[in-house]
Amino acid sequence: MADDQPKNDYKDTLFLPATEFPMRGGLPKKEPQILKRWDEMGLYGKLREDAKGRTPYVLHDGPPYANGHLHLGTALNKTIKDLIVRTRQMAGFDANYVPGWDCHGLPIEWKVEEAFRGKGRKKEDVPPSEFRTECRAYAAKWIDIQREEFRRLGVEGDWQNPYKTMDFGTEAAIVAEFLTFAEKGLVYRGSKPIMWSPVEQTALAEAEIEYHDHQSTTIWVRFPFVDAPAGLEGADVVIWTTTPWTIPANRAVCYGEGLGYGLYEVESVRDDLDFAPFAKPGDRLILADALHEDVFAAAFVSGFKRLSDVAPSQLAGTKLKHPLAGHADAYGFEVHMLPGDHVTDEAGTGFVHTAPSHGQEDYFAWLAAGLPLDAIPYTVGPDGAYTDEAPGFEGRKIFRTDGKKAGKDGDANPEVIKALTEHGSLLARGRLTHSYPHSWRSKAPVLFRNTPQWFIRVGEGEGSLREVALGAIEDTEFYPPSGRNRLRGMVETRPDWLVSRQRAWGVPITLFVDAKGEPLVDQAVNKRIIEAVREGGADAWFGTPAEDFLGGSYDASQYEKVNDILDVWFDSGCTHAFTLEARDDLTWPADLYMEGSDQHRGWFQSSLLEGCGTRGRAPYKAVFTHGFVMDDKGRKMSKSLGNVVGPDEITNKYGADILRIWVASSDVQEDIRVGDEILSSAVDAYRKVRNTLRYLLSALDGYDAKEAVSASEMPELERYILHRLHEVDARVRKGFEDYNFKASWRALSEFAIQDLSAFYFDVRKDCLYCDAPDNVKRRSTRTVMAQLLETMVRLLAPVCPFTAEEVYDHFPEGLGERKPSVHLLQFSELPESYRDEALAERWTKLRGIRRVVTGAIEERRNEKEIRGSLDAATGLYIDDAELAELAKDQDWAELAITSQAMLGPSPAADSAFRLAEQPGVAVIISRAEGDKCGRCWRILPEVPEEGALCLRCKEATGA
RNA sequence: GCGCCGGUAGCUCAGUUGGUUAGAGCGUACGACUGAUAAUCGUAAGGUCGGAGGUUCAAAUCCUCCUCGGCGCACCA
């Protein structure tokens with residue numbers, strides 16, 4: 001130091017703040033070290049041990065999918081969970097957090113399939129057990145990776161012993177849950193059209209479909225009435241379809257209740273063709289008015305007349321004859337005329353050919369009419385060929401399935417068209433190129449194919465699962481409350497739960513089904529199944545002969561073993577059973593389920609139905625939903641927009657505590673945004689709070705509890721700060737309790753910035769630095785600061801677990817005995833006596849007056865009259881009697897951080913500084929008179945010469 | 001398309017049962033300090049509360065419509 005200014009002579013006599021706690025966090029480097037330390041000390045075990053006997057609080061983890069690195073959404077989710085768990089733990093609960101993973105399902109199958117293909121093996125050539133082994137290994141790998149990624153975020157929990165849906169014991173538990181549904185008679189075999197690839201002989205998910213142009217043969221087909229309504233005698237209803245091969249499966253025709261139809265008579269057909277049109281003069285056809293011209297053009301009709309209106313109501317309830325009636329001595333059944341919202345008059349005829357085994361809308365129209373599931377035929381087999389339920393067409397293929405021509409049209413369409421022609425049912429034919437679904441693997445077209453499926457009956461009304469579930473929703477608390485409506489709306493309208501999947505990686509549907517399609521329900525059999533799965537996982541079901549399960553009581557040849565697996569939603573719906581219920585360190589039901597709002601459709605609902613079906617209530621007492629992470633413009637993140645931010649980018653650049661502040665300061669119940677500006681405000685907020693704590697640590701350098709002063713002996717300012725601390729502590733903890741973290745963070749950071757850094761610390765600097773150590777005011781300040789530090793480090797700990805630990809590490813020894821980690825502490829119990837509303841009200845007003853003074857100083861500063869506030873003397877003139885009374889006992893030089901102050905007679909000169917929001921207060925700032933004390937830098941008349949000591953400093957230094 | 005949710009200063013958020021000139025923190029600008037110093041302090045500027053109607057003496061707050069965005073809508077976790 002080449003400083004030769006004499007005023008520095010006194011610097012050593014000051015009590016300047018000192019701490020090893022660095023100003024900058026260096027979080028990306030430091031956090032991993034702290035994590036390692038927690039690991040080494042076995043923090044999780046200590047937390048459990050510590051909390052033994054306390055009231056449990058259970059946040060049950062909704063399992064993330066064990067595939068791929070974390071994205072910000074999962075990071076957000078886990079961070080909120082950790083905030084909840086940590087705040088409950090510190091509030092005095094035993095808040096044990098057991099993380100879990102969802103391991104089964106399609107995305108992993110895809111990845112593993114891909115890996116096999118890379119090695120030149122097709123999925124169908126890999127034995128299922130080997131395939132499942134690979135899936136298991138794949139999931140295990142990602143669980144390990146994700147576990148480390150979650151821990152890096154500072155998420156505390158039982159990472160050594162999480163739950164996994166693929167553990168054998170868990171798979172057995174899921175099987176047991178499913179069989180409970182079966183035993184209650186809630187499981188039935190139904191039927192439903194799904195997207196099926198005949199080439200690969202597998203069901204496909206929407207995501208496995210791509211759309212390509214495909215040329216289809218189109219046909220217009222006439223359906224005569226069984227008993228024509230009055231005025232429609234001899235008329236045919238006409239449909240149009242792009243899939244002639246679905247005609248044998250036709251069971252209904254749909255009409256639109258809002259459409260206009262007419263009865264038309266053909267008068268002439270074109271004679272300029274080298275073939276005879278199918279239509280003949282005298283044919284009577286019912287068509288949508290908007291489409292009759294198109295139909296007649298296709299049918300080569302050259303003249304027609306419209307005979308009458310046909311009201312949709314005339315069609316209701318009528319029956320039609322099948323256009324193939326009599327073919328192969330079959331198709332004699334009646335075809336239903338049904339109303340359908342999906343029917344339009346934009347293309348076709350205004351009537352929709354309805355084959356409930358080949359289309360979603362067809363299927364629902366069928367069910368909506370109350371028609372029976374078992375009347376839906378299985379006309380097409382897995383290989384895309386007709387079954388014997390399509391008489392006369394058995395074995396004909398829709399698409400070719402092998403050789404180079406796989407995916408090309410088979411012989412089904414020509415045969416059907418031929419038969420229709422023979423029966424006089426064809427009105428016209430044509431070709432159409434249109435977008436059609438294809439398998440993304442084989443590129444071959446797919447078809448909707450009806451397949452047997454397993455359902456859990458949600459049902460309707462009295463005693464139904466739906467009714468129980470709706471009741472359970474009313475008994476659940478929702479954060480935000482709108483979640484209740486959303487979940488209720490979904491449960492009210494949802495269909496029965498389709499739980500079967502024609503896939504490989506999952507928990508088997510462990511049912512034996514008899515010839516009638518009824519599942520076998522026998523507890524002894526079920527017990528053997530559950531035990532086998534517990535020993536050997538899913539393979540035990542597929543690999544064990546039926547006899548071994550059925551024992552002596554049943555004839556294995558009479559039963560078929562179901563080959564499907566369970567919907568993974570059923571797996572996750574069971575987490576409460578195999579985790580909450582099964583573990584001694586958790587309780588059932590959970591206090592809270594906390595997931596993204598998409599889980600109303602997913603986990604909240606599957607858990608609800610599972611819990612209600614097996615145990616009569618929801619497995620949770622409350623449900624909390626958070627929104628999704630958007631980019632800084634509020635758009636969703638996507639690779640194509642290039643706006644994806646990964647959690648690792650944030651932890652590597654800023655640190656996990658910053659990410660956590662971002663979460664804690666956002667309204668997580670809505671969608672939240674992330675971007676550079678948003679993160680940098682988290683960084684700024686962090687810096688402010690960190691420095692406030694650092695100042696407390698440094699000001700408490702060498703602190704000894706013996707210097708503490710009791711609150712009653714403290715100056716008013718100290719008591720005011722204690723009041724504020726009590727208030728803030730309560731507000732922060734209330735926010736935690738309500739899962740309203742942003743309110744907590746706001747209260748805490750604004751207290752640190754406004755009340756402490758900008759006000760209290762600033763005012764007390766002089767006292768802290770210059771007064772003698774035994775000075776009561778100084779001791780009071782340090783007593784309050786110790787309390788501030790103790791309380792604030794605890795309130796900060798859930799939000800910034802790393803930084804709070806680092807602060808705690810740097811606590812001056814004199815603060816007393818320490819625990820091994822800040823996270824083993826509970827929130828401070830501050831004495832109620834800190835509260836003093838009257839005092840607080842006074843000080844709110846005093847701070848209002850102070851604002852006028854700082855404003856006035858600023859004005860002088862801008863006029864270059866003064867530089868630092870210690871250059872100034874405050875002249876305060878107060879009109880308002882009440883304010884004047886308040887102000888008169890205060891040391892305004894100290895409060896305003898000026899060298900001198902005087903309370904002058906009101907009113908002040910017009911030139912005095914005033915603020916509109918502080919009427920009755922005027923301030924005149926002048927230069928302080930006297931010389932500058934070389935130690936405390938105040939300018940006082942008592943200082944004999946520039947740089948000498950003032951009286952206080954003389955005493956403090958013992959000079 | 002349908003169901004649900006949301007749109008308050010550049011950013012993150014407050015705005016109680018509709019009631020005086022819509023608040024805070026951060027950021028920004030300018031200034032101060034140089035004994036919290038890649039820190040700290042002060043002052044100031046920033047909003048037709050998504051838009052349009054309506055109810056009312058009075059609307060960010062209640063109603064309707066529109067717009068923008070999000071989530072969900074069955075082999076996707």
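By convention in this document, chain letters (A, B, ...) are assigned in the order of the sequence lines, proteins followed by strands, and residues within each chain are numbered from 1.
- The CZ atom of A:Arg851 sits 16 Å away from the P atom of B:C41 (whole-angstrom rounding).
- For A:Asp684, the side-chain atoms get nearest to B:C26 when compared with the rest of B:U12, B:C26, B:G72.
- Across B:C75, B:C11, B:G6, the shortest atom-to-atom separation from the side chain of A:Glu670 is found for B:G6.
- Residue A:Thr854 places its side chain closer to B:G42 than to any other of B:G42, B:U12, B:A77.
- Checking B:C11, B:U43, B:A77 against the side-chain heavy atoms of A:Glu677 singles out B:C11 as nearest.
- Searching all strands for a Watson-Crick or G-U wobble partner of B:C57 with both distances below 3.5 Å returns B:G19.
- If you measure from atom CZ of A:Phe761 to atom P of B:G35, you get 19 Å, rounded to the nearest angstrom.
- For A:Arg601 and B:C73, a side-chain-to-base donor-acceptor distance below 3.5 Å is absent, hydrogens and geometry of angles not being considered.
- Scanning both residues, A:Asn643 and A:Lys636, for their nearest heavy atoms gives ND2-O, 3.2 Å.
- Judged by atom type and distance alone, A:Arg673 does not reach the base of B:C11 through any side-chain donor-acceptor pair under 3.5 Å.
- Considering only side-chain N and O atoms, A:Ser757 lies under 4.0 angstrom from the phosphate OP1 or OP2 of B:C41.
- When rounded to the nearest whole Å, the span between CH2 of A:Trp937 and P of B:U40 equals 18 Å.
- Comparing B:U20 with B:A59, their C1' atoms sit 15 Å apart, to the nearest whole Å.
- Among the protein residues, A:Pro495 comes within range of the nucleic acid bases, having at least one heavy atom under 4.0 Å from a base atom.
- Atom pair A:Phe628:CZ and B:C71:C1' shows a separation of 6 Å (rounding to whole Å applied).
- Within the 4.0 angstrom heavy-atom criterion, no nucleotide atom of any strand lies near A:Glu859.
- Neither OP1 nor OP2 of B:A77 sits under 4.0 Å from any side-chain N or O of A:Gln599.
- Residue contacts for A:Leu14: at a heavy-atom cut-off of 4.0 Å it reaches a base atom on one of the strands shown.
- Between A:Arg847 and A:Asp755 there is a salt bridge, with a side-chain nitrogen of the basic residue lying less than 4.0 Å from a carboxylate oxygen of the acidic one.
- With its glycosidic angle more than 90° from 0, B:G7 adopts the anti conformation.
- A donor-acceptor contact under 3.5 angstrom links the side chains of A:Asp567 and A:Trp497, judged on distance only.
- You'll find that the side chain of A:Arg861 is closest to B:G31, out of B:C75, B:G31, B:G10.
- Ion pairing between a basic and an acidic side chain is recognised when a charged N comes within 4.0 Å of a carboxylate O; A:Asp61 and A:Lys78 show such pairing.
- Remark: B:A32 base-pairs with B:U40. Criterion, Watson-Crick or G-U wobble with two distances under 3.5 Å.
- A:Gly634 comes within contact range of the sugar-phosphate backbone alone, with a heavy-atom separation under 4.0 Å but no base atom that close.
- Checking B:G31, B:C13, B:A39 against every side-chain atom of A:Arg746, the shortest atom distance belongs to B:C13.
- Protein atom CG of A:Asn485 is 11 Å distant from nucleotide atom C1' of B:C5, rounded to whole Å.
- Using a 4.0 Å heavy-atom criterion, one finds that A:Ser666 contacts the sugar-phosphate atoms exclusively.
- Rounded to whole Å, the distance from CZ on A:Arg635 to P on B:G6 is 23 Å.
- With both pairing distances under 3.5 Å, B:G25 is matched to B:C11 as a Watson-Crick or G-U wobble pair.
- Here, B:C73 and B:A77 have their C1' atoms 16 Å apart, quoted to the whole Å.
- Between A:Lys765 and B:G35 there is no side-chain N or O to OP1 or OP2 distance below 4.0 Å.
- Residue whose closest nucleotide on RNA chain B sits further toward the 5' end, between A:Lys636 and A:Gly489: A:Gly489.
- For the P atoms, the distance linking B:G46 with B:A22 amounts to 13 Å, nearest Å.
- Both A:Ser500 and A:Arg694 lie close to RNA chain B; mapped to their nearest nucleotides by heavy-atom distance, the more 5′-ward contact belongs to A:Arg694.
- Of the listed nucleotides (B:C41, B:A77, B:G42), B:G42 has the atom at the smallest distance from the side chain of A:Glu858.
- The side chain of A:Met630 lies closest to B:G70, out of B:G70, B:G72, B:A39.
- If you measure from atom CD of A:Glu917 to atom C1' of B:A24, you get 14 Å, rounded to the nearest angstrom.
- Comparing B:U17 with B:U61, their C1' atoms are spaced 11 Å from each other, to the whole Å.
- In this structure, A:His810 contributes its side chain and A:Val807 its backbone to no donor-acceptor pair below 3.5 Å.
- Contacts of A:Ser749 with the nucleic acid, taken as non-hydrogen atoms under 4.0 Å apart, are absent.
- Residue A:Tyr10 places no side-chain N or O under 4.0 Å from the OP1 or OP2 atom of B:G35.
- Closest contact between the side chain of A:Ser681 and the listed nucleotides B:G42, B:G25, B:C26 involves B:C26.
- As rounded to the nearest Å, B:G15 and B:C62 have P atoms that lie 13 Å from one another.
- Side-chain proximity of A:Ile678 to the nucleotides B:G35, B:U40, B:C11 is greatest for B:C11.
- Contact between the side-chain N/O atoms of A:Arg687 and the OP1/OP2 oxygens of B:G27 is found at a separation under 4.0 Å.
- A:Ala758 comes within 4.0 angstrom of the backbone, heavy atoms only, and of no base.
- Cation-pi geometry between A:Arg486 and A:Phe478 is not satisfied (NZ or CZ under 6.0 Å from the ring centre, within 45° of the ring normal).
- Counting non-hydrogen atoms under 4.0 angstrom, A:Arg501 reaches a base of the nucleic acid.
- For B:U12, neither phosphate oxygen OP1 nor OP2 lies less than 4.0 angstrom from any side-chain nitrogen or oxygen of A:Lys688.
- One P atom belongs to B:C11, the other to B:C49, and the distance between them is 16 Å to the nearest Å.
- Nucleotides B:G47 and B:U37 have their C1' atoms positioned 35 Å apart, rounded to a whole Å.
- The closest side-chain heavy-atom distance from A:Asp771 to A:Arg952 is below 4.5 Å.
- Taking a pair to require two hydrogen-bonding distances under 3.5 Å in either a Watson-Crick or a G-U wobble arrangement, B:C75 remains unpaired.
- The pair A:Lys688-A:Asp684 fails the salt-bridge criterion, with no side-chain N (NZ, NE, NH1 or NH2) lying under 4.0 Å from an Asp/Glu carboxylate O.
- Interface remark: the A:Gln453 side chain does form a donor-acceptor pair with the B:C75 base, using a distance-only criterion of under 3.5 Å.
- Considering only side-chain N and O atoms, A:Ser572 lies nowhere under 4.0 angstrom from the phosphate OP1 or OP2 of B:A77.
- A salt bridge is defined here as a Lys NZ or Arg NE, NH1 or NH2 lying under 4.0 Å from an Asp or Glu carboxylate O, and A:Arg635 with A:Asp631 meets this definition.
- As judged by a 4.0 angstrom heavy-atom cut-off over every strand, A:Trp569 is placed among the base-contacting residues.
- With a cut-off of 3.5 Å on both Watson-Crick or G-U wobble distances, the partner of B:C49 is given as none.
- Separation of the C1' atoms belonging to B:C26 and B:A45 is 15 Å when rounded to the nearest angstrom.
- Side-chain atoms of A:Trp662 and A:Ile672, non-hydrogen and from C-beta on, do get closer than 4.5 Å to each other.
- Note: CG (A:Asp632) to P (B:G70) measures 14 Å, nearest angstrom.
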